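For reference, the structure discussed in these notes is given below.
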Amino acid sequence: RELSYLNAGLKILLVDEARGKKEEFFSSGGLIEFVKWLNKSKEALHKPVYLKKDVGSTSIEIAVQYNTTFQDNIFGFVNTINTVEGGTHVSGFKTALTRVINDYAKKTGMLKEKEEGLTGDDVREGLTAIISIKIPEPQFEGQTKTKLGNSEIKGVVDSIVTTALTEFFEENPAVAKRITSKSLDAAKARLAAKKAKDLVRRKNAFSLGGLPGKLADCSSKKTEDTELYIVEGE
């Protein structure tokens, strides 16, 4: 099934002669159908975004679709080999995605200039993406050889995705707004969680220090209402 999605128009027929069974795999839509299939049990936010570009002897094909969940699923393929550890093609895609969504959020005023920018985790929340590239001489890293190491690919993918996604956002403002809103919600949740964690840590810092019952943590922000006790022993 994976191979049929990665090679649109290719028909793969599996025949089990012993049992008299056969199964056919065929996809005319390629990566668009692949991303839909991965999101079939989820609620998608928009139709898949698809791009294909050839740069010299390198072919780059990407399909992206966000859903309402909080997990991200990014699959990288090099010459139809599943690069489960990622690599330069996936890094280039992630960098471009973070930049484009941040730029769009600031440009449209959804993110104020003084506000903290969106992180990679924020923009990837609910994302399903497939990055499939075909190159003549792939260099694989790691013990299992499932991570692409070609350094030039990162810049190529970054550049192509930045241009294509920026154009798509400009032409499809409704979808762009939906994606950016989801990323902003993720950022708000992240900051709220950090605030809560910091509060707990602060309380723990005082409780671990063993503040005696007659002393309490400061509850007022007005300096004239507050006192700092430096004590020996208790």
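None of these values were measured; they are calculated from a predicted model. The analysis underlying the following values was restricted to heavy atoms, covering all of them including side chains, and did not include hydrogens, waters or symmetry mates. Residue numbers count from 1 along this sequence.
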Let's go through D158 and T162 carefully: what are the C-alpha distance in whole Å and the side-chain angles of both, what is the deciding distance for side-chain hydrogen bond (donor to acceptor under 3.5 Å, both in side chains) to 0.1 Å, and is it a yes or a no?
CA-CA 6 Å; D158 185 343; T162 298; 3.1 Å; yes
If you draw a 6.0 Å radius around CD in Q71, do more than 12 non-hydrogen atoms from other residues or ligands fall strictly inside?
no
Minimum side-chain heavy-atom gap T108-K177 below 4.5 Å:
no
Spacing of OG1 belonging to T98 relative to CZ belonging to F93, to within rounding of 0.5 Å:
9.0 Å
In this structure, are over 12 heavy atoms from other groups packed under 6.0 Å from E24 atom CD?
yes
Would you give the length of the straight line joining atom OG1 of T166 to atom CD of E171, rounded to the nearest 0.5 angstrom?
11.0 Å
Do T69 and N67 pass the side-chain hydrogen bond (donor to acceptor under 3.5 Å, both in side chains) test, and can you show the C-alpha distance, the side-chain angles, and the key distance before you say yes or no?
CA-CA 6 Å; T69 70; N67 57 60; 2.4 Å; yes
F168: what forms a ring pair (Phe, Tyr, Trp, His ring centres under 6.0 Å) with it, not counting sequence neighbours?
none
Output yes when K106 and D103 qualify as a salt bridge under the 4.0 Å nitrogen-oxygen rule, no when they do not.
no
Under the side-chain hydrogen bond (donor to acceptor under 3.5 Å, both in side chains) rule, what do T128 and Q65 come out as? Steps first, then yes or no, please.
CA-CA 5 Å; T128 300; Q65 188 180 42; over 6 Å; no
Are I74 and I131 side-chain neighbours, meaning at least one heavy-atom pair lies under 4.5 Å?
yes
Result block: side-chain N/O donor-acceptor pairs under 3.5 angstrom for residues 2-16, not counting sequence neighbours:
from, atom 1, to, atom 2, distance (Å)
S4, OG, R1, O, 2.7
N7, ND2, L3, O, 2.9
D16, OD1, A18, N, 3.3
D16, OD1, R19, N, 3.2

Members besides F70 in its Ile/Leu/Val/Met/Phe/Trp/Tyr cluster (side-chain heavy atoms under 4.5 Å)
none
Ignoring hydrogens and angles, write down the donor-acceptor pairs under 3.5 Å from the side chains of residues 42-53, residues two or more places apart or on other chains.
from, atom 1, to, atom 2, distance (Å)
K42, NZ, L38, O, 3.4
H46, NE2, Y66, N, 3.0
Y50, OH, E61, OE2, 2.6

Is it the case that more than 12 heavy atoms not belonging to E137 sit under 6.0 Å from its CD atom?
no
What's the spacing between S27 OG and I32 CD1 if we round to 0.5 Å?
9.0 Å
Could you tell me which residues satisfy ring pair (Phe, Tyr, Trp, His ring centres under 6.0 Å) with F75, sequence neighbours excluded, listed by chain and number?
none
Pairs satisfying side chain to side chain donor-acceptor pair (under 3.5 Å), at least one member in residues 189-200, at least two apart:
E116-R190, D122-R190, K194-D198
